[in-house]
Structure formats: structure tokens, C-alpha cells
Protein chains: 2
Amino acid sequence: MNKSPNSALNEKIISTKPIFSGKIISLQIDTVELPDGSKGEREVIKHPGAIAVLAVRDGRLLLVDQFRTPLGRCELEIPAGKLEKGEDPLEAAKRELQEETGYSAGKISLLHSFYTSPGFADEIIHLYLAEDLKQGESAPDEDEFLEVHEATLQEVKRYIAEGWISDAKTMLAVYIWELASHTGKYGHE
Amino acid sequence: MNKSPNSALNEKIISTKPIFSGKIISLQIDTVELPDGSKGEREVIKHPGAIAVLAVRDGRLLLVDQFRTPLGRCELEIPAGKLEKGEDPLEAAKRELQEETGYSAGKISLLHSFYTSPGFADEIIHLYLAEDLKQGESAPDEDEFLEVHEATLQEVKRYIAEGWISDAKTMLAVYIWELASHTGKYGHE
């Protein structure tokens, strides 16, 4: 089921006005017909999509510290990056893990795909579980400045409490990891 | 710790160019000085912030089905809404829960605050746990068309597998709920 069985909630796009097209995101205003026949406007961000990687090695989560301009500070997150044009998400996950942390995964599988802000953006993140990690050389992009960290679940919980970890995808990965420590398996399969 | 101890990763904003200011979001381009002294540009979305509510009643999660323009389809999410100007997040959580589902909470507490897309947006969501729920009348906003659902953990997992639930805040809430079913407590306290 990819949509609600309740089509009475559906909106219909009447027109789209492009506002901005940038290197990463673009912005448009959609004029929509609401379920009651009246009109509304929606501000919509288009994003190429991204991947993120849940990678645990010897009981430690791989994390990347990096400056986030919208937050005005550094933030500790699981390895992640946006999709390049036409790139397969699985290949992107392998590439980003290797570029950002130096590790390659003997086994990698999709846990979940989710939208980060469905109210105003179409950004989707494909979250992968990377296992059988082998250490290599990291090679961040030219305009990427980051530092790799490895942290136990107790440390990660402290970083969340202290606000150094404060993004949705990383918290989701932490809860998936924590639940797996109780159930013995990742995700819902 | 609200920021990394590693100030060598810090960027410095040199100038900000406003691009768009809308009803909900605004867009600006920040020119930054990178850690190596070179310059870069960052596309940044400003958002007023939002709240979301994890509310379980008789073993069923309260959910709201609503059309999401960026996705072009309906999506099942926990009750949520953006902050009104100057509004206290706790009051917003009580208000949205009541408006969207009709339920009021005898007890409500903050679980986590998190950024949805720290790479390009400053949107923060404050996730509350609502307990001791009492049924009343729902009163959605004029341009809000939604339908309330209540689902068991098994049903919620199926909705995730089928793609009807596919947003980060709702998945995070589901994992927090699922972990609580193993540990007997919500969040990390």
C-alpha cells in the first residue's frame, strides 16, 4: 500500500511555480485544489535524496562529526550523503561509508527508506545496515571537513542527552541499534 | 555539550543572501569560510520548528492520515504541527494533539528534540510522550484535511513495510515505542 485507501483526502496540483534552483535543493510553490474544492498554496523543496549508514564495529557505532551551517555548529551523525545524479542508493551507501570513514562493508542491506520532512520537502533517506566492516583509507569530498568517531551505546546515549547528536536519522539508527540489542535482529524483518 | 569539542571543523558565515520568504519556510544562501580558508556556498532553509506527539492508548498508537504535497500522496504520521510564532512547544504539543485527534493528555513530557535535515534546514521537532489520554472532539485547521487512525505495533510495522508510514519522526516514535515494550520505559532516562 503506497497510499492511503482514503482518496477523499487527496489534493490535486493545479499549477507549479518554480522559485529557485540551486546546487542541492530547489524550491517551488504548488497551487493545489483541496478536498473541499477550495484552493491552497504549498511551499515545496525538491531534494535529490540521500543515504545513511548504520555501521557498528566491535560494539561501537561509526559516527562523523561535521559542521552544519543551518545549525551553526558541529553535529555528530551516522555517515550519510546525498545521491549523485542517477546513482543507485546501495552504491551511494558503500561510497559514502568508504569516503567518510574509510571502512568498507562485507555485507550491506536496506533497513528503511523514510522522508525527513514530508510537510515541505521530498527528501528521502535510504538507511542501510553495514556489517563485516574492514578498515581502509577515508577520502572526503574537497569541501567536506569531518572527523570520524566510534562510540558505544552508552556514549551515544550521553551524546544525545547532551545535544551533540540531534538529528532524526542518527537517533532513528540509535534506536534501531538499541532495539537490536534486545531482540537480536535489526529492523522489522 | 552543544557543539563538537573540535573547533577546527567550524565554518564562519561571511554573508547571507535572502532568496525567498514564504508562509512556512524561507530560503537563503550563506557564503561561508571553510576550515581551510576557502569559500563555499550553503543553501539553507529556515523553518519555525514543530512538535510531534507519541500517544499510545490501550496498546494502539494514535496516527493521522493526511495528504502530503511533496510526496504526492497520503501518509500516516503521528500527530504533529509547526510552532506558531512565539508558541511554547509543550503548549503546541497539547494543542495539536487535541486539534488533530480530539484527545487530551493527562501527562505530557519531552522525549527528544531533533533536526530533520541538518544538511540544508534548521527545522527542529520536539517529540513529546502523551499519557493518560482522554477522548474529546477534534478540530483541525481550516486547510487541514485528515483522518485519525489507531494501530497496534503489529499493524504499524505492516504500514511501515507497505510504505504508508514513511516519515522519520513517525518511525523514530515507533522504535521508541517498540523499545519501551522491551525495557518498560520510554526514551533514554
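Quick note on labels: first sequence line is chain A, next is B, and so on, each numbered from 1.
One finds the OG1 atom of Thr69(B) at 14.0 Å from the NZ atom of Lys12(A) (value rounded to the nearest 0.5 Å). A distance of 3.5 Å separates CG in Asp36(A) from CZ in Phe145(B), rounded to the nearest 0.5 Å.
Between chain A and the options Ala168(B), Ser117(B), Pro118(B), the largest number of non-hydrogen pairs under 4.5 Å is found for Pro118(B). Chosen from Ile19(B), Leu71(B), Thr170(B), the residue pairing most often with chain A at heavy-atom distances under 4.5 Å is Leu71(B). When each of Val174(B), Leu27(B), Ile25(B), Leu146(B) is checked for heavy-atom pairs under 4.5 Å with chain A, Ile25(B) comes out on top. Options His182(A), Glu77(A), Lys169(A), Arg68(A) differ in how many heavy-atom pairs under 4.5 Å they form with chain B, and the most are formed by Arg68(A). The most heavy-atom pairs under 4.5 Å with chain A, out of Val32(B), Ile176(B), Leu76(B), come from Ile176(B).
At a heavy-atom separation below 4.5 angstrom, chain B is approached by Ala121(A), Asp122(A), Glu123(A) within residues 121-133 of chain A. Inspection of non-hydrogen atoms places Val44(A), Ile45(A), His47(A) of residues 44-62 of chain A under 4.5 Å from chain B.
Around atom NZ of Lys82(A), no more than 12 heavy atoms belonging to other residues, nucleotides or ligands sit under 6.0 Å away.
Take Thr16(B) and apply the side chain to side chain donor-acceptor pair (under 3.5 Å) test, not counting sequence neighbours, and it matches Asp30(B). Remark: Glu96(B) pairs with no residue by the side chain to side chain donor-acceptor pair (under 3.5 Å) rule, at least two apart or across chains.
Hydrophobic clustering places Leu110(A) together with Leu83(A) (ILVMFWY residues linked when any side-chain heavy atoms are closer than 4.5 Å, directly or through intermediates). With hydrophobic clusters built from ILVMFWY side chains whose heavy atoms lie under 4.5 angstrom apart, Met171(B) does not share a cluster with Tyr115(A). Cluster membership for Tyr186(B) and Leu63(B), using ILVMFWY side-chain heavy atoms within less than 4.5 angstrom, is shared. Taken together through direct or relayed side-chain contacts under 4.5 Å among Ile, Leu, Val, Met, Phe, Trp and Tyr, Ile13(B) and Leu34(B) form part of one hydrophobic cluster.
Counting heavy atoms from C-beta outward, Ile29(A) and Phe20(B) have side chains that approach closer than 4.5 Å. Two residues are said to be in side-chain contact when any heavy atoms from C-beta on lie closer than 4.5 Å; Asp167(B) and Phe114(A) fail this criterion.
Here the shortest heavy-atom pairing between Glu41(A) and Lys23(B) reads O-NZ, 3.6 Å.
Aromatic ring pairs are classed by plane angle as parallel below 30°, tilted from 30° to 60° and perpendicular above 60°; the pair His188(A) and Tyr175(B) is parallel.
Between the side chain of Glu43(A) and the backbone N or O of Ile24(B) there is at least one donor-acceptor pair closer than 3.5 Å.
Judged by distance alone, the side chains of Thr116(B) and Thr116(A) never bring a donor and an acceptor atom under 3.5 Å apart.
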Check your understanding: Can Leu9(A) and Gln66(B) be said to form a side chain to side chain contact (heavy atoms under 4.5 Å, CB included), step by step?
Key -> CA-CA 6 Å; Leu9(A) 298 173; Gln66(B) 119 188 72; 5.5 Å; no
